[in-house]
Student: 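Questions regarding the structure given below will be posed in turn.
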Amino acid sequence: MSTDLPTRIQTEVRRRRTFAIISHPDAGKTTLTEKLLLFSGAIQIAGSVKARKATRHATSDWMEIEKQRGISVASSVMQMEYRECVINLLDTPGHQDFSEDTYRVLTAVDAALMVIDAANGVEPQTRRLLQVCRARNTPIVTFVNKMDREVQDPLALMDEIERELGMTVVPFTWPVGMGKAFRGVMDLRQERMRVFAPGEDRAAGEEEVLQGLDNPAYAERFGMQYEQAQGEIELVREAAPAFDLEEFLAGRQTPMFFGSAVNNFGVQEILDALVELAPAPSERAAMQRVVKPEEPKFSGVVFKIQANMDPSHRDRIAFLRVASGHFERGMRLKVVRSGKELRPNTVVSFLSQRRELLDEAFGGDIIGIPNHGVLQLGDTITEGEALQFTGLPFFAPEMFRSVEVADPLKTKQLREGLRQLGEEGAIQVFRPEAGSVLLLGAVGQLQFEVVAHRLEHEYGCKARVMPARYNVARWVTCDEADGGEKELRRFIDHNAHRVAWDAVNAPTVLLEYAGELRAMQENWPKIRFHALREHAGLVFQQRLDG
């Protein structure tokens, strides 16, 4: 080991910025992801998210069903360099049916970029995601998108964000006009105006920039739009608090930017803000101790598994957030849960579906480890120390379906496909204690459609997905003081017709009505019923209610 490695680890960790992009569907999140890649120089041409009939698709949408529907249904990871910083960018599904994937991704990042549709304001999925960020005190940068359309008044938007999300908003830029009369944005910190021109073919630094907030040329060129913006800026500067970095890092204050991602406008300011404001990787809690990213020994946690990113190779990629130390290709690693040794030689970094072999990584980086079922969601990997990182959530499903294979000869493919998709977290798969028909659990209907599509196209088996009678699920445990495994076994035997086992063999009770759950809790006072499972040695905790 080189004597200057500790210094190098510290330097590399300080360069890292790891963040997720979150929003309600159709707010322009995937488009903004593309433009951030474009402006950083990571890609040369942005795929049009709207032109689905063309051959180009968004770089971050790689799954066939995403290309057909024009939505993101899986989180994707991209790494790029900008201004001497290494940026790990995670694009998440906006659709609420895939919120579990998004929640898990949010455990792997140090900041979030929230995209808000300027016409629709704060939407339901935005609120849900913000609750998760707030629970983790994740710093948030806000980008108000689509200013070139007919949108809400910016003061009203600012007020709504503060009221709905419970955060203080500090405008860093302010719009001059909106819709067809959108003229550009004032940079309130740099005291200059970036002039808007529609079009997707400009790169960074090509917009016209006028200096000063009170430049007499503004009134002449932009007329009433400038006059209105000038009055709003005066009001905002008097009323809004000064930006406080500590408040931002604590998740209580958010800097706000305006722009139009599809027109490459306002993207530069967002990239600069992420480099300047977003925190470098911080310490992470394990059950045994707190782990600091500058530590020399490698550790990391699997927060996502994706099967068949390359269908021709039937691969399974475990996405791992490096928590500490220095990763080198081929080094000896230990899967803490199973005790198995790994020596990964084909570790990859991502530009969405484009992969590059990785020789090394540092705290904050997201790396992909190809494996065949060795790694599960929530697994901790170390150089030998018995650590278990906490905080990876699995929510109790709200919808259930039974699943059978259309062709009995394809039963093996069905079970293998569902096993892999269950381990991936795309769906929750339950094996009943009594009976052979597998059950699927999901947050939303679209998850069932995606699983049926993937079973047919990735595993070659057409499945019949049918209604199931269940509507409520709870994981069950029993404390040692109350009888532990013996009491839990008694409960399972007594309720065998309502108990099933999930992808990690955690026992789950499935019920038709909420009233049944209340009765069961009264009849079995020693059994604990959980709406959220945290994959950390099957540690359980109550659901976050925001």
Student: I'd like to know if R498 and E516 make a salt bridge, using a cut-off of under 4.0 Å between side-chain N and carboxylate O.
Tutor: yes

Student: What are the two closest non-hydrogen atoms of S299 and T382, and how far apart are they?
Tutor: CB-CG2, 4.1 Å

Student: Would you say the side-chain atoms of E164 pair up with the backbone N or O of I161, donor to acceptor, closer than 3.5 Å?
Tutor: no

Student: May I ask you to decide whether K340 forms a salt bridge with D379, counting only side-chain N to carboxylate O separations under 4.0 Å?
Tutor: no

Student: Taking T380 for its side chain and F389 for its backbone only, find out whether a donor-acceptor pair lies under 3.5 Å.
Tutor: yes

Student: Do K297 and E385 come close enough that some side-chain heavy atom pair is under 4.5 Å?
Tutor: no

Student: Any Lys/Arg nitrogen of R15 or E12 sitting under 4.0 Å from an Asp/Glu carboxylate oxygen of the other?
Tutor: yes

Student: So do F319 and I305 actually touch side chain to side chain, heavy atoms under 4.5 Å?
Tutor: no

Student: Using side-chain heavy atoms (C-beta onward) and a distance below 4.5 Å, is V322 in contact with F362?
Tutor: no

Student: Treating E383 as the side-chain partner and F298 as the backbone partner, does any N or O pair qualify as donor plus acceptor under 3.5 Å?
Tutor: yes

Student: For the pair R8 and E360, find out whether any cationic side-chain nitrogen is under 4.0 Å from an anionic carboxylate oxygen.
Tutor: yes

Student: Strictly by modelled atom types, are D244 and Q253 linked by a side-chain donor-acceptor pair under 3.5 Å?
Tutor: no

Student: Measuring only between side-chain heavy atoms, which start at C-beta, is L387 closer than 4.5 Å to R289?
Tutor: yes

Student: Given side-chain contact (heavy atoms from CB on, under 4.5 Å), test R474 with L517 step by step and report yes or no.
Tutor: CA-CA 9 Å; R474 291 293 184 268; L517 176 61; 3.8 Å; yes

Student: Using the ring of each side chain (for Trp, its six-membered ring), is F430 parallel, tilted or perpendicular to F400, with breaks at 30° and 60°?
Tutor: tilted

Student: State plainly whether the residues R528 and D479 are in salt-bridge range, i.e. N to O under 4.0 Å.
Tutor: yes

Student: For the residue pair V499 and L510, establish whether any side-chain heavy-atom pair is separated by less than 4.5 Å.
Tutor: no

Student: I'd like to know if D365 pairs up with R16 as an ion pair, taking the criterion as any Lys NZ or Arg NE/NH1/NH2 lying under 4.0 Å from an Asp or Glu carboxylate oxygen.
Tutor: yes

Student: Checking the side chain of N471 only, and the main-chain atoms of Y513 only, is there a donor and an acceptor separated by less than 3.5 Å?
Tutor: no

Student: Any side-chain heavy-atom pair from I381 and L320 closer than 4.5 angstrom?
Tutor: yes

Student: Going by heavy atoms in the side chains, are I87 and F19 under 4.5 Å from each other?
Tutor: yes

Student: Nearest heavy-atom pair of I116 and G121: which atoms, and what distance?
Tutor: CG2-O, 3.6 Å

Student: Between E341 and K334, does at least one N-O distance fall below 4.0 Å, as a salt bridge requires?
Tutor: no

Student: Distance only, no hydrogens: is a donor on one side chain within 3.5 Å (strictly under) of an acceptor on the other, for N505 and R431?
Tutor: yes

Student: Between R490 and E487 (salt bridge meaning N to carboxylate O under 4.0 Å), is one present in this structure?
Tutor: yes

Student: Is the backbone N or O of C478 less than 3.5 Å from a side-chain atom of D482, with the two atoms forming a donor-acceptor pair by type?
Tutor: no

Student: For L440, does its backbone N or O pair with a side-chain atom of R401 as donor and acceptor, under 3.5 Å?
Tutor: no

Student: Answer yes or no: is there a donor N or O on one side and an acceptor on the other, between the side chain of Q388 and the main chain of R337, under 3.5 Å?
Tutor: no

Student: Would E433 and R489 count as a salt bridge (Lys or Arg N to Asp or Glu O under 4.0 Å) here? Give the steps.
Tutor: CA-CA 12 Å; E433 172 79 357; R489 186 72 252 178; 3.0 Å; yes

Student: Do you know the tightest heavy-atom contact between M80 and L36?
Tutor: SD-O, 3.9 Å

Student: Test E416 against R419 for salt bridge (Lys or Arg N to Asp or Glu O under 4.0 Å), laying out the working first.
Tutor: CA-CA 5 Å; E416 178 61 18; R419 183 186 68 78; 2.6 Å; yes

Student: Might you work through the side-chain contact (heavy atoms from CB on, under 4.5 Å) test for D110 and S282, ending with a clear yes or no?
Tutor: CA-CA 7 Å; D110 303 300; S282 57; 4.0 Å; yes

Student: Under 3.5 Å, side chain of N88 to main-chain N/O of G364, donor-acceptor pair present?
Tutor: yes

Student: Using a 4.5 Å cut-off on heavy atoms from C-beta on, say whether the side chain of L333 contacts that of R343.
Tutor: no

